[in-house]
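Structure first, commentary second.
Here is how names work: the chains are called A, B, and so on, in the same order as the sequence lines, proteins then strands, and each is numbered from 1.
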Amino acid sequence: MKRTKISILIKSDKPRDNVLIKGWIRTRRDSKGFSFIEVNDGSCLKNIQVVADNSLCNYEDIKKLATGSAVAIIGSLVASMGAGQKWEMRAETIEILSLAPDTYPLQKKRHSDEFLRTIAHLRPRTNKYGAVFRIRSELSYAIHKFFRDRGFKYIHSPILTGSDCEGAGELFKVTTLDLMNPPTKDGAVDYSLDFFGKEANLTVSGQLSAEMFALALGDVYTFGPTFRAENSNTRRHVAEFWMVEPEMAFCDLTGNMDLAEEMIKYLVAYLMEECLDDLELFAKFVDKGLMSTLGNVASSDYTRLSYEEAVEILSKSGEKFEFDIDFGKDLQSEHERYLTEHHFKNPVMVYDFPKNIKPFYMRLNDDNKTVAAMDVLVPKIGEIIGGSQREERLDVLETSINEMGLSKENYWWYLDSRRFGTVPHSGFGLGFERLLMLATGTTNIRDVIPFPRTPNSIEF
RNA sequence: UCCCCAGUAGCUCAGUUGGCAGAGCAAGUGGCUGUUAACCACUGGGUCCGCGGUUCGAGUCCGUGCUGGGGAGCCA
């Protein structure tokens with residue numbers, strides 16, 4: 001007999017005989033002659049209520065079923081006499097697949113997120129984390145659907161890289177050398193004897209690869225893990241995270257911002273349509289205002305303002321900031337928060353940043369002091385997207401590489417793209433986990449990724 | 001890496017001016033004719049984060065280390 005998933009059963013429009021379910025016990029309530037057993041199989045947030053009569057041959061064992069135990073139940077789906085649910089299952093046989101001992105760490109009541117992080121291998125069995133990871137799965141799918149519907153091609157950019165790409169943050173080194181006794185040359189480690197014949201790292205971004213493919217396939221995107229060895233200890237950073245990076249040929253900064261806005265709106269609307277049950281859990285227990293926030297994000301237009309205008313708003317705000325606002329300095333967290341949470345109360349797109357605070361590949365504007373960069377800032381989380389129109393002019397790009405003290409030789413292949421059929425192109429990086437935080441109201445990034453990697457923490 | 005806060009039962013926490021270690025939930029046992037994070041009764045459960053110090057006496061005060069959380073920087 002094939003098992004039926006609980007997500008299917010609870011949506012049934014008629015009673016059904018001879019149904020098999022398999023899942024885990026969430027709670028058991030005993031009465032005089034029978035027990036109510038809540039079974040969850042992870043297919044959806046809801047449990048199915050199973051009624052186990054004391055006439056069942058193994059009823060004495062059934063009464064030992066504790067939270068976390070696994071069962072296979074055959075029975076019939078019938079209308080529930082109770083008020084809390086439409087359907088319930090009347091058990092004919094209950095096979096106990098495994099009995100959870102009383103040391104099972106999860107209880108029926110709520111646990112703190114901090115405690116659940118210490119048992120990250122078990123937390124997907126809770127309502128909240130089950131919901132997080134179902135939403136994460138749906139959001140991944142929606143990203144692919146969004147791009148595919150618009151003719152974008154999915155590029156698998158490499159995880160192992162030989163260049164330090166954009167110099168964005170500290171890199172994780174990848175080596176097969178004997179760390180106790182590495183080969184040296186002139187007092188330094190001799191990486192010519194390493195696996196790749198040169199230094200290698202985990203990628204910090206798929207952007208440079210994506211650019212090469214955008215200049216061949218037109219519109220492309222990457223979606224994969226990226227790594228930063230930055231020692232940052234905040235609720236918005238992890239060492240391993242997933243990034244979505246579209247790259248579009250024949251596209252300027254405005255087209256780039258258009259895509260970013262359209263994409264966020266699409267994804268949030270998609271979740272509100274497909275994951276309503278799970279989202280409502282967050283609206284109930286995590287962030288009371290979640291649904292109105294999401295409604296706003298999905299439907300209202302995002303204000304676009306230049307860095308210069310942002311600086312002006314902040315200067316005139318009368319707000320006392322810890323850090324000075326001055327043209328040429330990057331916006332601090334407190335400034336971003338002021339813009340999104342107080343001034344506009346909505347996502348905000350800031351563009352045309354001073355060139356000295358941005359990487360070499362961003363396109364120089366005609367004013368010679370700003371670049372065609374853009375950030376999407378959202379309330380509570382801050383920067384969720386960073387992107388730019390890329391510098392497509394070979395001479396300007398070479399000057400920029402020189403000015404930033406980088407070596408042209410390392411980027412020979414990147415520069416080739418500007419030698420051969422170069423065109424204006426643009427792209428951005430979206431922090432997948434940060435979008436999940438926005439979608440669920442979760443305030444700590446460690447709670448939206450299955451096994452978070454942070455400084456001093458890689459237990460699971 | 002810097003600043004701030006916290007660490008007491010399986011979990012969430014209380015513990016007064018330094019004076020016998022507490023509650024709720026969970027767990028175990030029993031009860032209850034339909035429950036909804038069921039309910040009622042009883043029972044068991046402690047390296048008060050580690051180390052050192054002050055004191056007649058430290059969960060409480062001091063020093064230090066570790067762990068967790070929040071903020072900052074870096075960014076997505």
C1' atoms of B:C49 and B:U43, separation to the nearest Å: 29 Å
Minimum heavy-atom distance A:Asn47-A:Ile6, with the two atoms named: C-CG2, 4.3 Å
With nearest nucleotide decided by heavy atoms, which residue, A:Glu334 or A:Gly431, maps closer to the 5′ end of RNA chain B? A:Glu334
What is the separation between atom CG on A:Leu331 and atom P on B:A72, rounded to the nearest whole Å? 14 Å
Of the candidate nucleotides B:C32, B:C74, B:A27, which contains the atom at the shortest distance from the side chain of A:Gln332? B:C74
Side chains of residues 451-458 of chain A: which donor-acceptor partners sit under 3.5 Å, not counting sequence neighbours?
unit_1   : atom_1 : unit_2   : atom_2 : d
A:Arg453 : NH1    : A:Phe451 : O      : 3.4
A:Arg453 : NH1    : A:Phe460 : O      : 3.1
A:Arg453 : NH2    : A:Phe460 : O      : 2.7

No-H, no-angle donor-acceptor pair, A:Arg90 side chain to B:G34 base, under 3.5 Å: yes
What is the distance, to the nearest angstrom, from the CG atom on A:Asn40 to the C1' atom on B:A37? 14 Å
Between B:U17 and B:C75, how many Å separate the two C1' atoms, rounded to a whole number? 49 Å
Consider salt bridge (Lys or Arg N to Asp or Glu O under 4.0 Å). Of A:Arg236, A:Arg123, A:Arg235, A:Arg136, which one does A:Asp447 pass it with? A:Arg123
Please encode protein proximity along nucleotides 1-15 of chain B as a string of B, S and -, counting only heavy-atom distances under 4.0 Å. B--------BSS---
Residues, nucleotides or ligands: over 12 heavy atoms within 6.0 Å of A:Lys265 NZ: yes
Taking atom types as modelled, find out whether A:Arg26 and A:Asn127 have a side-chain donor-acceptor pair closer than 3.5 angstrom. yes
Contacts of A:Arg90 meeting side-chain hydrogen bond (donor to acceptor under 3.5 Å, both in side chains) (sequence neighbours excluded), chain-then-number -> none
Measure across A:Ser388 and A:Ala373 and return the closest heavy-atom pair with its distance rounded to 0.1 Å. CB-CA, 3.9 Å
Between P of B:A76 and CZ of A:Arg235, the distance in whole Å: 17 Å
Let me spell it out: for each of A:Arg434 and A:Phe34, pick the nucleotide of RNA chain B with the closest heavy atom. Which residue's pick is nearer the 5' end? A:Phe34
Taking OP1 and OP2 of B:C32, is either one under 4.0 Å from a side-chain nitrogen or oxygen of A:Ser31? no
Going by 5.5 Å between centroids and 30° between planes, is there a stack of A:Phe36 over B:A38? no
A:Gln85 side chain, from C-beta outward: closest of B:C74, B:G34, B:U35: B:U35
